[in-house]
Asker: 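One structure follows; several queries about it will come next.
Chain A is the first sequence line, chain B the second, and so forth, proteins listed ahead of strands; every chain is numbered from 1.
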Amino acid sequence: MKVLVPVKRVIDYNVKVRVKADGSGVDLANVKMSMNPFDEIAVEEAIRLKEAGKAEEVVAVSIGVKQAQETLRTALAMGADRAILVVAADDVHTDIEPLAVAKILAKVVEEEQPGLVLAGKQAIDNDMNATGQMLSALLGWSQATFASDVDIEGDSAKVTREVDGGLQTISVKMPTIVTVDLRLNEPRYASLPNIMKAKKKPLDEKTAADYGVDVTPRLEIVKTDEPEARQAGEIVPDVDTLVAKLKEKGVV
Amino acid sequence: MHFALTEEQQMIADTTRAFVENELYPHEAEIERSGHLPMELIRELQAKAMAAGLYAANMPEAVGGAGLDSLSWLLYEKELGRANYALHWTCVARPSNILLAGTDEQKEKYLFPCIRGETWDCLAMTEPGAGSDLRGMKATARFDGGDFVLNGTKHFISHADIADFAIVFMATGEEETPRGPKKLITAFFVDKGTPGFTVRDGYRNVSHRGYTNSVLDFDDCRLPKSAVLGEVHKGFQVANDWLGATRLQVAATCLGRADRALSHAIAYAAERRQFGQQIGKFQGVSFKLADMAMELKAANLLTWDAAWKFDQGTVTEADMSMAKLKATEVLAMIADEAIQIHGGMGLMDELPLERIWRDARVERIWEGTSEIQRHIISRELLRAVGG
């Protein structure tokens, strides 16, 4: 089985984001970028499947600006076998919308014929949480979202999903699309020898046009705001004062 | 000129940084307070470092290392250098390059077990009466019936307590030179447990808590000729051939710690409010930050320049001395100013600043004092004009 893992280049989760002066989005100029953390979990799971003998090949794919090549190298350094870069934008501030990404991925799936697509449940930049589901609809494949456990047995996969109020276990037919949640695994460090090897692994470069997909944005961003600054707290001397204060504010 | 890191170099730095922050930082406070690194913790972290390919990554690929170019290696050293020294040195060990100078048998016995994390090495040169003036060493190895007999004392020997063997430099004779008689030095492998060789606790000191130094005593310690590293009387040559880059290693680890201290200072200047505004709005603070960042960048560039030249084979002694000198002095300045920006809080052990400040002190002394580095740099300048 071949596993396809889409990975997105996003602003590093440690970076304190700044909104651009015109409110059109977040400033990404000279900002540290990394692999979307959920995608890292997907890459890790794919590599584990390969190590367990359940997958033969792990292919990482990224759609975006040319610099997403760095993100793919990270996937290769973690252990993916090869990578496909689909250049679909020139400006780092251009975000390719989920539907366009899903359409391109559907074409890549057609070409690559993977038995499983392992994706992050969402990207931490815009939190759309849509690409996996859209890809499932486009391909007519089954889907299992928010996975915290994946167990593949022959023609089906048993997937535990993190849902409101608990865990739900479902069985889906292969081939399938699994979007992964935070607790599925802890991604490994890209080891130094693997970083050196990653350089020699194949990385194909394509464009959105190669797949005949129009990536023109369909959504309009009206405004981007900084989160409201938190008010300073107050230290109270004892529990009685705390209770009195809370009552005063009408919260208990 | 080309100043960008390659993708691999950036990934090496990122992986090492992630490892240091996730695996080493959480144990720092405990080591700082106890001054002791427990063996269970060493084994646990060692296993993780090996899985990440970080252990002994300074070594060539052929012997089980990562086969890094000098710049990549120093980027790795820089990230490791952020953390408590005992933690990164012991749990992510970088065996001395001098082990590569050994014969095949010596490599089998000493180098490979170090790379596999089974043993640790240590290097013994300094004596109570011979610091910067190494040729003034008193400890001797006398040739006697096919063996060498070692006598004398070495001190300030880092991590000799945990090491399984020492590479020891001993005076083995004297030669006449135009500038007077000069001692001939030979390097030896000495195993712990060799009769006549004892390791005792060294001194408690201000820098690098948990990273110990020891005193090594040799009392008619008899070694076979096969214990010689390199050739007899050629100890300095072996050291010069294999230990040249240790100055850059010191520089790189200092850059990591300086960067950590600076990050704390910047964050605090933006967060701390006094007199109704962020303290970073006061020039008294902001100009300090500007100078700290500029000096650190200069130190980085000097180090990367020397690293690059090292691989080109064009590095000079002065290049390496400049990098070491600048990085260690910049660390001292940044650690001091970072504390000044934090005020009283900078002195408390809740933050890593007080220990970065303490740890900075030794850096201007070991691997050649700042004065020795200045001597090396100026000597190169003057020799060119017949000085």
Asker: Does atom CD1 (Ile221(A)) have a neighbourhood of more than 12 heavy atoms from anything else shown, all under 6.0 Å?
Answerer: no
Asker: For atom CG of Asp22(A), decide whether the heavy atoms of other residues, nucleotides or ligands shown that lie under 6.0 angstrom number more than 12.
Answerer: yes
Asker: Under a 4.5 Å heavy-atom cutoff, which of Leu68(B), Thr16(B), Thr6(B), Thr15(B) has the most pairs with chain A?
Answerer: Thr15(B)
Asker: Met196(A) and Ala66(B): which non-hydrogen atoms are nearest, and at how many Å?
Answerer: CG-O, 4.0 Å
Asker: I'd like to know whether NZ of Lys297(B) has more than 12 heavy-atom contacts from other residues, nucleotides or ligands below 6.0 angstrom.
Answerer: no
Asker: Run the side-chain contact (heavy atoms from CB on, under 4.5 Å) test on Lys32(A) and Asp14(B) for me, step by step, so that the C-alpha distance in whole Å, both residues' side-chain angles and the decisive distance to 0.1 Å come before the verdict.
Answerer: CA-CA 11 Å; Lys32(A) 182 170 164 59; Asp14(B) 288 348; 3.5 Å; yes
Asker: Rounded at 0.5 Å granularity, tell me how far CD1 in Ile195(A) sits from CD in Glu8(B).
Answerer: 8.5 Å
Asker: For chain A, which residues from residues 43-57 of chain B have at least one heavy atom closer than 4.5 Å to it?
Answerer: Ala51(B), Ala52(B), Gly53(B), Leu54(B), Ala57(B)
Asker: Sort by residue number and list every residue of residues 178-192 of chain A having at least one heavy atom under 4.5 Å from chain B.
Answerer: Tyr189(A), Ala190(A), Ser191(A), Leu192(A)
Asker: Are there more than 12 heavy atoms of other residues, nucleotides or ligands under 6.0 Å from atom CZ of Phe282(B)?
Answerer: yes
Asker: Pick from Glu7(B), Gln10(B), Glu61(B): which one has the most heavy-atom pairs with chain A under 4.5 Å?
Answerer: Glu7(B)
